[in-house]
Amino acid sequence: MLCDRCGAPAVAWVRYSGAHLCKEHFLGFVERRVKEEVRRQVDLKPGTRIAIGLSGGKDSSVATVLLHDIVSPRRDVELVAVTVDEGIAAYRPGGIDAARRLCASLGIEHRVIAHRETVGLEMDRVVALDPAAIPCSYCGPFRRQALNRAAREAGADVVAVGLNLDDTAQSILMNVARADMDRLARLGPHDTAQPGLAPRIQPLRTIPEKEVYLYAMLRGIPFHEATCPYADRAQRGRFGAIVAQLEEAAPGTRHAIVSTYDQLRPMLQERFLSGEPRPCGRCGEPASDALCRACELVGQLSRLAAA
Ligand code: SF4
């Protein structure tokens with residue numbers, strides 16, 4: 001196959017648009033959409049500091065490189081990368097190592113924040129204490145809390161995360177299926193800051209996972225290619241399979257899900273967003289109840305440990 005635009009050998013067939021693209025045009029196709037998203041999601045005023053949640057995997061590594069491309073011509077915008085160490089011995093050390101090397105090669109400050117220091121427990125210990133639970137139901141709130149705290153400590157105005165189009169469509173469907181209107185209304189990207197909460201931006205939210213992978217390969221972006229040993233117990237996997245089936249049957253479905261959500265979001269926010277967060281009674285992080293979700297879960301684990 002040849003590139004539709006220049007006749008060079010194609011490296012990608014973009015099924016949802018029907019385009020065949022060579023390496024150069026494929027890279028440009030990804031970069032253009034990411035630049036548009038960043039411009040749409042964040043006002044890069046002088047002095048802006050962006051914290052990137054960098055796990056060392058392909059999505060966050062590609063997001064880091066692309067954000068670096070976008071802001072490096074500017075001396076008045078800074079990046080800092082934050083890796084959350086969940087305490088999963090068979091998985092996380094490789095990601096931390098990859099993140100550290102990527103940041104060193106790009107000249108980006110790199111920080112690591114561990115569940116051990118924020119909630120006092122590693123995920124391996126959490127799984128031992130509550131083997132019947134879905135580990136991500138603990139790890140997700142712990143990670144959100146850690147990332148927010150690290151971003152605040154780093155003086156960041158926004159937090160960039162590497163969620164791709166598939167992840168975004170999955171999150172929307174998952175919250176629709178649970179009728180979790182509050183969470184649905186709170187999904188990023190965030191256009192307003194709430195006290196103590198750095199708004200999230202999602203530079204890759206229109207880029208399908210396979211395109212992120214191909215982009216990393218074509219540009220030689222190093223990343224940690226491993227799967228968390230607890231991932232197969234996540235509900236997200238089931239919704240990922242559903243989204244993939246829908247996309248296979250009708251290319252463009254992922255974009256349609258996200259676009260529908262974007263159109264409904266202002267109504268959801270008006271109807272379902274409750275008041276401003278208040279400080280958690282235990283850790284001081286933003287919470288919608290007396291305790292934040294992470295502290296509620298820590299309490300649950302303490303009871304299990306004492307039983
Ligand atoms: Fe944590 Fe679940 Fe991700 Fe593993 S798959 S790192 S347990 S959120």
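Note that ligands are numbered from 1 as they come in the structure, with each ligand's atoms numbered from 1 the same way. Note that the coordinates shown come from a computational prediction; the quantities given were computed from them, not determined experimentally.
- The pair Glu109-Arg49 counts as a salt bridge, with a side-chain nitrogen and a carboxylate oxygen less than 4.0 angstrom apart.
- When hydrogens are left out, the protein atom nearest atom 4 (Fe) of ligand 1 is Cys228 SG, 2.3 Å; that is the closest non-hydrogen contact.
- In terms of protein heavy-atom proximity, atom 2 (Fe) of ligand 1 is nearest to Cys136 SG, 2.3 Å.
- Ligand 1 has Arg143 within reach: a non-hydrogen atom of the residue lies less than 4.0 Å from it.
- Judged by distance alone, with hydrogens and angles left aside, the side-chain atoms of Arg149 form no donor-acceptor pair with the main-chain N or O of Ile113 at under 3.5 Å.
- Annotation: cation-pi pair Arg33/Phe29 present, NZ/CZ under 6.0 Å from the ring centroid and within 45° of its normal.
- Side-chain contact between Pro199 and Gln41 is absent, with no heavy atoms from C-beta onward closer than 4.5 Å.
- Distances from atom 1 (Fe) of ligand 1 show that Cys139 has an N/O/S atom below 2.8 Å.
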